[in-house]
Amino acid sequence: MIDEICVIGFPSRLGGADTELDHQIYVWQKLGVKVHLVHTGPMDHNCHLMGMSERGCIVHEPCDWSVCAGKHVISYCNAGFLDNLDAIRSRAKSTTFVNCMTWLFEKEKAMHARGMIDFFLYQTDHAMEKVSTELRSINDTYRPVKVRPHFHLDAFPFIEHRDENTFRFARLSRADPGKFHPAQLWIYETMVAPVLKSGIMLGVDAGVRAKIGQEPDWIRAYPPGELTPQTVYGQSHCIIQATETYENLPRVGFEAMASGCLLIVDDRGGWRELVQHGKTGFLCSDQREFVYYASRAAYELDERNAMIREARKWLAAHWSMESTLGDWKNFFRGLAAYSGA
């Protein structure tokens with residue numbers, strides 16, 4: 001098995017790919033793998049808040065591709081990795097790209113055509129199946145690998161009992177209009193509750209408002225990063241999140257289940273990997289189902305509390321350190337064999 005890995009990019013609490021990277025580092029270090037970090041942009045305040053040096057990672061100067069020399073390199077959905085792949089690949093033992101989307105980047109396809117990406121790593125079968133045919137047609141040396149990702153449960157404390165004087169809900173995403181269903185506000189306005197409703201939307205900017213409209217005064221909207229996810233989950237009974245996108249494996253789902261927020265989400269893509277309908281959350285096929293299940297969650301307190309307890313238990317059983325160690329160990333053994341080590 002390999003003893004060190006070089007990451008192009010940097011962990012973050014903003015965005016699913018960077019959050020997933022953050023959590024996988026716990027697994028790599030558990031396996032005794034030394035982690036080198038080379039950011040593709042300036043080391044901003046968010047980077048320093050991550051405390052990666054304190055966690056034992058070796059943090060190098062941004063864009064110092066010489067660090068890749070003789071190392072296996074991995075990158076999570078990072079455009080800077082694809083843009084600088086010539087310099088990186090000429091030094092590295094191997095390159096692995098983790099596309100956390102369910103579609104391909106143009107630069108990803110171009111680099112694959114040139115044989116610059118040795119391994120493509122996926123978290124789910126459905127994401128791998130969506131892109132594998134095209135990637136294989138581009139270059140028949142396509143090497144897909146599936147690794148079940150780790151979710152670091154300790155980062156999101158479970159809150160079982162919340163104030164019930166107001167029915168509080170939320171949604172979190174990047175400020176990408178595609179992440180928002182045009183009927184999102186209609187759902188919030190149409191659903192009913194036995195008490196006053198109150199909402200939080202994290203990840204809202206002018207582009208999002210141009211698509212969904214202006215939120216009412218009982219919904220507070222914030223730009224990305226304005227609140228921590230833990231703050232949002234701590235104030236919310238449910239995550240009610242309708243999108244137009246086909247999600248791969250939404251980290252919001254993990255975080256909400258860990259925190260005791262009931263998921264009311266789309267019945268497609270990665271949400272199906274996370275939610276057992278009627279047991280750990282609700283899957284909705286259209287906006288009217290969103291209204292029905294959101295209203296049901298507001299009224300049926302005992303059912304909601306039973307579901308959030310079951311969701312936390314299921315998460316701990318299926319996405320823990322123990323459930324992913326074997327996959328990562330096998331992947332690292334494959335890297336070692338690929339390099340002839």
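Worth saying up front: this structure is predicted, and the values here are computed from it rather than measured. Keep in mind that the numbers below use all heavy atoms, side chains included, and drop hydrogens, waters and symmetry copies.
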With the side chain counted from C-beta on, respond yes when [X] and [Y] share a heavy-atom pair under 4.5 Å apart, and no when they do not.
X	Y	value
Ile239	Leu262	no
Met201	Ile212	yes
Arg171	Tyr188	yes
Val33	Met1	yes
Cys261	His237	no
Leu85	Thr95	yes
Thr40	Ile8	yes
Val208	Lys211	no

Nearest atoms (heavy-atom pairs only) where [X] meets [Y]:
X	Y	answer
Ser320	Ser323	O-OG, 2.8 Å
His126	Asn248	NE2-O, 3.0 Å
Lys71	Val67	NZ-O, 2.8 Å

Taking ring-ring contact (aromatic ring centres under 6.0 Å, His included) as the test, write out the residues that go with Tyr293, two or more places apart.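 Tyr293 satisfies ring-ring contact (aromatic ring centres under 6.0 Å, His included) with His277, Phe282 only.
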Tell me whether the rings of [X] and [Y] are parallel (<30°), tilted (30 to 60°) or perpendicular (>60°).
X	Y	answer
Tyr76	Trp28	tilted
His60	His36	parallel
Phe169	Trp218	perpendicular

Could you walk me through whether Leu37 and Ile58 pass side-chain contact (heavy atoms from CB on, under 4.5 Å), step by step? CA-CA 6 Å; Leu37 297 173; Ile58 303 170; over 6 Å; no
Which distance, rounded to the nearest 0.5 Å, do you find between the [atom1] of [X] and the [atom2] of [Y]?
X	Y	atom1	atom2	result
Ser12	Met50	OG	CE	6.0 Å
Met111	Phe81	CE	CZ	10.0 Å
Leu49	Thr228	CG	OG1	11.5 Å
Met116	Lys107	CE	NZ	10.0 Å
Leu227	Leu172	CG	CG	9.0 Å
Met52	Met43	CE	CE	9.5 Å

Whether [Y] and [X] form a salt bridge (side-chain N of Lys/Arg under 4.0 Å from carboxylate O of Asp/Glu) is what I want to check.
X	Y	result
Arg209	Glu215	yes
Glu303	Lys279	no
Arg89	Asp118	yes
Lys109	Glu134	yes
Asp266	Arg268	yes
Arg55	Asp22	yes

Show your working on side-chain contact (heavy atoms from CB on, under 4.5 Å) between Leu325 and Asp327 and close with a plain yes or no. CA-CA 6 Å; Leu325 274 173; Asp327 279 4; over 6 Å; no
Are [X] and [Y] connected, step by step, through hydrophobic side chains (Ile, Leu, Val, Met, Phe, Trp, Tyr) whose heavy atoms are closer than 4.5 Å?
X	Y	result
Phe105	Tyr246	no
Tyr233	Ile240	no
Ile219	Val252	no
Ile5	Val27	yes
Phe180	Ile187	yes

Quick check against the 3.5 Å criterion: does [X] have a side-chain atom that pairs as donor or acceptor with the backbone of [Y]?
X	Y	answer
Arg168	Gln235	yes
Asn305	Arg309	no
Asn84	Ala87	no
His23	His152	yes
Asp140	Arg136	no
His72	Glu4	no

By side-chain hydrogen bond (donor to acceptor under 3.5 Å, both in side chains), which residues pair with Asp64, not counting sequence neighbours?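 By the side-chain hydrogen bond (donor to acceptor under 3.5 Å, both in side chains) rule, Asp64 matches Ser66.
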Can you spot which of Trp319, Phe156, Trp314 makes a ring pair (Phe, Tyr, Trp, His ring centres under 6.0 Å) with Phe151?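 The option that passes is Phe156.
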The single option from Phe120, Phe119, Phe97 passing ring pair (Phe, Tyr, Trp, His ring centres under 6.0 Å) against His112: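 By the ring pair (Phe, Tyr, Trp, His ring centres under 6.0 Å) criterion, His112 pairs with just one of Phe120, Phe119, Phe97: Phe120.
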Worked check of side-chain hydrogen bond (donor to acceptor under 3.5 Å, both in side chains) between Tyr292 and Arg296: CA-CA 6 Å; Tyr292 168 72; Arg296 177 167 160 176; 3.3 Å; yes
side-chain contact (heavy atoms from CB on, under 4.5 Å) between Val98 and Ile74, intermediate numbers included: CA-CA 7 Å; Val98 189; Ile74 190 168; 4.0 Å; yes
Before you tell me yes or no, could you show the steps for Gln123 and Glu20 under side-chain hydrogen bond (donor to acceptor under 3.5 Å, both in side chains), namely the whole-Å CA-CA distance, both residues' side-chain angles and the distance that decides it to 0.1 Å? CA-CA 10 Å; Gln123 304 90 344; Glu20 183 175 339; 3.0 Å; yes
Before you tell me yes or no, could you show the steps for Trp271 and Gln241 under side-chain hydrogen bond (donor to acceptor under 3.5 Å, both in side chains), namely the whole-Å CA-CA distance, both residues' side-chain angles and the distance that decides it to 0.1 Å? CA-CA 11 Å; Trp271 293 117; Gln241 188 143 320; over 6 Å; no
Apply side-chain contact (heavy atoms from CB on, under 4.5 Å) to residues Ile117 and Leu82 and explain how you reach the verdict. CA-CA 9 Å; Ile117 302 173; Leu82 296 173; 4.2 Å; yes
Under a plain distance cut-off of 3.5 Å, with no hydrogens placed, do Asn165 and Asp163 share a side-chain donor-acceptor pair?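 A donor-acceptor contact under 3.5 Å links the two side chains.
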Out of Lys146, Arg272, Arg148, which one pairs with Asp125 under the salt bridge (Lys or Arg N to Asp or Glu O under 4.0 Å) rule?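 Passing option: Lys146.
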Give the intermediate values and the outcome of side-chain hydrogen bond (donor to acceptor under 3.5 Å, both in side chains) for residues His181 and Thr243. CA-CA 4 Å; His181 194 283; Thr243 71; over 6 Å; no
Lys179 and Glu247: salt bridge (Lys or Arg N to Asp or Glu O under 4.0 Å), yes or no, with the steps? CA-CA 9 Å; Lys179 291 283 187 180; Glu247 298 290 339; 2.9 Å; yes
